[in-house]
Amino acid sequence: MKEIVLLGSTGSIGTNTLDIVDRFPDEFRVVGLTAGSNDEKLEEQIRRFRPSLVAMADPAAAARLRDRCRDLTVKILSGPEGVAEVARVPGPALAISAIVGAAGLLPTLSAIRTGKHVALANKEPMVMAGQLMREEAQARGVRILPVDSEHSAIFQSLEGHRREDVRKIVLTASGGPLWEMSPADMQDVKPERALKHPNWKMGAKITIDSATLMNKGLEVIEARWLFDIPASQIEVLVHRESIIHSLVEYSDRSIIAQLGLPDMRTPISYAMKYPERLVLDLPSLDLADIGKLTFHRPDHDRFPCLRLGYDSLAAGGTMPATLNAANEVAVEAFLNGGIRFGEIAEIIRATMESHTRRELECLENALEADRWAREKALSLVTALAR
Ligand SMILES: NC(=O)c1ccc[n+]([C@@H]2O[C@H](COP(=O)([O-])OP(=O)(O)OC[C@H]3O[C@@H](n4cnc5c(N)ncnc54)[C@H](OP(=O)(O)O)[C@@H]3O)[C@@H](O)[C@H]2O)c1
């Protein structure tokens, strides 16, 4: 029986993870859960999975949860420090990192620092401080197991092969909800339309990142640090069907890929049970049914965010943290109706252009760049909203 803490249990990855726990009650036991502000859903999860410790980032939501759970013995913490405390709880061997955005950085690091292996969905911390997270994990002998379907595919395609034989990795991208839309229509697309992803049901932030292709920019940076591979060896290929989850090309031009129907429970369960596989009662991929698979090069003019991702990686130091923070602010502003879709990339670019890059010597450098970029991006949002 593997004990787990699940950071971000009420989200899309969080609920898919609990679906796996539900299917395999003899394999996993939930010790800790955390959420942001959805106390109603967290209460349901507490009653179902009986963790001993939970936390909510929003103190008002934590107070409501305490009220709801008066009849239970669960300990309820609040605020970002409470979330990090759940990540630090002694005992569990595995933390599933499924918080969205930079808010997951300190809890994920807390889990690593207390010797837990991490199943990582929350890509933003790797973007902000991938090198530091890698070093922390190495120093403590813990694994960072990818949950992102593309990175899980790369991880699986690398297993059993010599790293020096890798020529490049190719991350596939669905192209997102707006791939077929004309550039003019894209500029003014409404959030409801941009949230309609053709293949994946995910949280709002990553769905907008998928629409701008920033999700792929973030994934390139995540791959850089997860697999210790330079950006020059990471390519992106648009594959609308999301069947091939990513590929590795070797020196002899052999390509190894991982395929499957788009269902996050497959990569989540792989990270949870690694190196074994669970028997998942899910529909099988039938390639004859699918018939054909299509591929396109990414269109950097229509989707400038992907290029910004590569640019930030080339600049290095605090630039990826700056990109990430500006993106979080711009996406939130778009979702709230404050800016147009086309302005997301402009805000990120302008924030990066005014950033004085520093080396990433310690975590504080990344956190400081994050704070600075949020302020800068917010001032740009305010100016555009006028
Ligand atoms: N969804 C996918 O299929 C998918 C695939 C690959 C990678 N990912 C990555 O996985 C991460 C989670 O994505 P998601 O789609 O599951 O997001 P989501 O549905 O929006 O869920 C986010 C989770 O984080 C919690 N949260 C939000 N703000 C928080 C804060 N300030 N402090 C602590 N917790 C907070 C939320 O709690 P509340 O519900 O209470 O707000 C929720 O539990 C993202 O980094 C995403 O890029 C997701």
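Order of appearance sets the numbers: ligands from 1, and atoms from 1 within every ligand.
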Open item on the list: So, using side chain to side chain contact (heavy atoms under 4.5 Å, CB included) as the criterion, who are the partners of Ala102 when residues are at least two apart?
Closed with: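 Ala102 satisfies side chain to side chain contact (heavy atoms under 4.5 Å, CB included) with Met128, Asn324, Glu328, Asp370, Arg374 once adjacent residues are dropped.
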- [ ] Look at Asp26 together with Lys2 and state whether they make a salt bridge at an N to O cut-off of under 4.0 Å.
- [x] no
TODO: Hey, can you tell me if Trp372 and His355 have their rings parallel, tilted or perpendicular (30° and 60° cut-offs)?
DONE: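 Ring orientation of Trp372 relative to His355: tilted.
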Show which side-chain atoms of residues 302-310 pair as donor or acceptor with protein atoms under 3.5 Å away, not counting sequence neighbours.
unit_1: Arg302; atom_1: NE; unit_2: Asp299; atom_2: OD2; d: 3.4
unit_1: Arg302; atom_1: NH1; unit_2: Trp179; atom_2: O; d: 3.3
unit_1: Arg302; atom_1: NH1; unit_2: Met181; atom_2: O; d: 2.6
unit_1: Arg302; atom_1: NH2; unit_2: Trp179; atom_2: O; d: 2.6
unit_1: Tyr310; atom_1: OH; unit_2: Ile234; atom_2: O; d: 2.6

TODO: Sort and list the pairs that fulfil salt bridge (Lys or Arg N to Asp or Glu O under 4.0 Å) and have at least one residue in residues 193-221, not counting sequence neighbours.
DONE: Lys123-Glu219, Glu124-Lys205, Glu150-Lys216, Lys205-Asp209, Lys216-Glu219
Task: Protein residues that have a heavy atom under 4.0 Å from any atom of ligand 1, sorted by chain and number - done: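 Heavy-atom contacts below 4.0 Å: Gly8, Ser9, Thr10, Gly11, Ser12, Ile13, Ala35, Gly36, Ser37, Asn38, Ala57, Ala98, Ile99, Val100, Ala103, Ala121, Asn122, Lys123, Glu124, Asp148, Met202, Gly203, Ile206, Met264.
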Task: Side-chain donor-acceptor pair present, Ser174, His197, cut-off under 3.5 Å - done: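 Distance-only check passes for Ser174 and His197.
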